[in-house]
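Notes to accompany the following structure.
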Amino acid sequence: MKVNALETIQLGEFPNLVWVRIHTDEGLVGLGETFFGANTVAAYMHEIVAPYLLGKDPLQIDRHSRQLYGYVGFNSTGAEARGNSALDLALWDLFGKVTGQPVYQLLGGLSRERIRIYNTCAGYRYVRARSAQAVDNWGLTGAKDTGPYEDLDAFLHRADELARSLLDQGITGMKIWPFDPFAEASGGHYISGPDLKTALEPFRKIRQAVGDAMDIMVELHSLWDLPMAKRITAALEEFNPFWFEDPVKMDNLSAIAELARSTRVPITASETLGTRWSFRELLEQRAAGIVMLDVSWCGGLSEARKIAAMAEAYQLPVAPHDCTGPVVLMASVHLSMNATNALIQETVRAFLSGWYTELVTRLPRIENGYVYPPEGAGLGTELLPGMERRPDATVRMSSL
């Protein structure tokens with residue numbers, strides 16, 4: 001079997017997403033996806049990846065992963081890494097279709113029958129308009145999708161009601177980020193006493209409403225410098241958070257390690273790191289208590305499984321990231337089903353009940369706070385038929 005075409009698909013309605021489809025001379029097609037900088041990733045796929053991959057055996061997955069570990073862009077989650085990650089997901093999907101097996105089986109089989117989820121409290125249009133992790137890209141102003149799960153507005157103003165709503169669905173973990181506006185205002189260098197009190201209010205409401213029945217994950221989006229991160233994490237400890245995620249930029253891992261030593265709450269890091277080599281340094285620094293990776297940024301499933309195995313050697317769990325797209329979620333669930341040290345799987349109920357359903361044929365089964373193994377061969381989902389013919393679609397094809 002040989003690769004005879006590489007296709008990228010983008011939609012104007014979802015400018016952050018790019019899908020990669022790998023076509024073969026036997027008619028099978030593998031599907032991958034990544035998020036952020038979609039135009040740049042698509043250009044990389046056709047300029048660099050396609051000339052390398054066309055005509056080759058798609059099932060030599062590790063070989064391709066190593067060959068595309070390029071001269072530049074190799075030690076990051078930049079466009080090259082995101083493109084390589086999308087390709088890797090597509091090749092694993094294709095491998096599953098060739099063998100008639102789900103990807104989790106090819107990774108080594110099920111390590112569990114289900115895994116607990118938490119809800120990232122985003123809304124329907126969160127980080128959807130453009131590629132920016134910024135307050136003005138939260139999707140809370142202007143046109144909105146309708147539905148019951150505008151969870152970002154809820155955690156800002158009705159965190160107690162939100163916690164009860166999640167528990168009613170059996171979901172016992174929630175992630176929130178009320179500190180971001182104050183980080184943007186000061187460049188991450190300062191938070192005043194009154195602003196700190198305001199940002200702590202959702203945590204207070206949750207604990208008053210449901211006690212310790214809810215695990216609260218604190219997302220800090222790498223926005224703070226070290227002194228303010230220490231101040232914030234110290235103030236949060238009374239609320240018994242489950243973790244502190246990406247409190248400072250992951251460009252000085254010794255600073256993360258210093259912060260980790262200052263708190264009893266585990267530091268979770270980091271969706272923003274790419275390749276096992278970056279995670280090796282994170283582990284050696286003892287900088288993280290929980291290892292988070294994004295399969296569409298770190299190098300794909302091939303790299304993610306190696307990172308997970310490396311974390312296990314340090315007696316640390318992994319928690320796959322997903323606040324990006326439906327194909328990434330499916331791939332992440334396959335990893336969570338297989339990795340023996342998987343702790344919990346991120347989900348976004350606003351996405352699962354909203355725009356994810358507009359893009360793919362199947363999503364994983366979630367019941368009473370748990371996600372179950374995807375069904376079918378490969379990743380177990382496809383783009384909805386005809387999506388490439390939408391008026392806002394941009395389709396590029398490189399072929400033999």
Side-chain angles (χ1 to χ4, degrees), residues 36 65 69-70 72-82 84-85 133 175 177 179-180 183 186-191 217-234 236-237 241-300 302-324 332 335 339 341-344 346:
F36 269 157
S65 178
Y69 188 67
V72 296
F74 57 86
N75 194 23
S76 71
T77 52
E80 295 91 348
R82 298 196 306 279
N84 292 346
S85 299
Q133 183 58 62
K175 183 158 74 181
W177 47 101
F179 295 92
D180 285 22
S186 71
H189 307 307
Y190 176 70
I191 185 168
M217 291 76 169
V218 184
E219 169 68 86
L220 294 162
H221 283 136
S222 303
L223 294 174
W224 297 96
D225 63 17
L226 184 57
M228 286 302 102
K230 287 183 175 180
R231 183 180 186 191
I232 290 166
T233 55
L236 280 163
E237 285 206 8
F242 193 74
W243 71 47
F244 298 135
E245 182 176 334
D246 285 1
V248 302
K249 205 82 165 177
M250 296 291 139
D251 53 8
N252 183 341
L253 297 184
S254 62
I256 311 297
E258 181 180 339
L259 180 62
R261 290 190 294 269
S262 74
T263 177
R264 62 178 176 80
V265 177
I267 301 295
T268 295
S270 169
E271 69 203 55
T272 65
L273 292 177
T275 78
R276 78 200 82 153
W277 291 276
S278 294
F279 281 91
R280 173 195 56 77
E281 185 178 357
L282 181 80
L283 295 167
E284 289 178 349
Q285 291 270 3
R286 305 295 198 273
I290 298 168
V291 175
M292 176 171 283
L293 51 83
D294 188 302
V295 298
S296 71
W297 294 347
C298 75
S302 297
E303 202 68 24
R305 64 180 181 142
K306 295 166 186 173
I307 294 164
M310 192 163 56
E312 188 172 28
Y314 283 80
Q315 300 295 337
L316 295 179
V318 293
H321 171 257
D322 174 66
C323 190
T324 52
S332 299
L335 179 66
N341 57 331
L343 172 65
I344 195 167
E346 180 174 14

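Between Trp224 and Phe179, the ring planes are perpendicular. Angles over 60° get that label, and only those under 30° would be called parallel.
With Glu245 as the fixed residue, the side chain to side chain donor-acceptor pair (under 3.5 Å) test singles out one of Lys175, His221, His321: Lys175.
Between Arg82 and Thr77, the shortest heavy-atom contact is NH1-O, 2.9 Å. Across every non-hydrogen atom of Pro241 and Leu236, the tightest pair is CD-O, 3.3 Å. Residues Val295 and Ser332 share a closest heavy-atom pair of CG2-OG, 3.7 Å.
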Please tabulate, for the side chains in residues 304-312, all donor-acceptor contacts under 3.5 angstrom to protein atoms that are two or more places apart in sequence or on a different chain.
unit_1	atom_1	unit_2	atom_2	d
Glu312	OE1	Thr340	OG1	3.1
Glu312	OE2	Thr340	OG1	2.7

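Using a 3.5 Å distance cut-off with no hydrogens or angles, the side chains of Glu237 and Thr263 do pair a donor with an acceptor. Checked by atom type, the side-chain pair Asn84/Ser65 shows no donor-acceptor distance below 3.5 Å.
Proximity of Thr275 to Tyr69: side-chain heavy atoms (C-beta onward) are separated by under 4.5 Å at one or more points. You'll find the side chain of Ile191 stays beyond 4.5 Å of the side chain of Ser186, heavy atoms only. Proximity of Arg261 to Arg286: side-chain heavy atoms (C-beta onward) are nowhere separated by under 4.5 Å.
With rounding to the nearest 0.5 angstrom, the CG atom of Leu293 is 6.5 Å from the CG atom of Leu335. Atom CE in Met292 sits 10.0 Å away from atom CZ in Phe279 (nearest 0.5 Å).
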- Before giving the answer on side chain to side chain contact (heavy atoms under 4.5 Å, CB included), spell out for Val218 and Thr233 the whole-Å C-alpha distance, their side-chain angles and the decisive distance to 0.1 Å. CA-CA 9 Å; Val218 184; Thr233 55; over 6 Å; no
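With hydrogens and angles ignored, the 3.5 Å screen pairs no side-chain donor or acceptor of Glu271 with any backbone N or O of Asp294.
In this structure Arg280 satisfies the side-chain hydrogen bond (donor to acceptor under 3.5 Å, both in side chains) test together with Glu284, sequence neighbours excluded.
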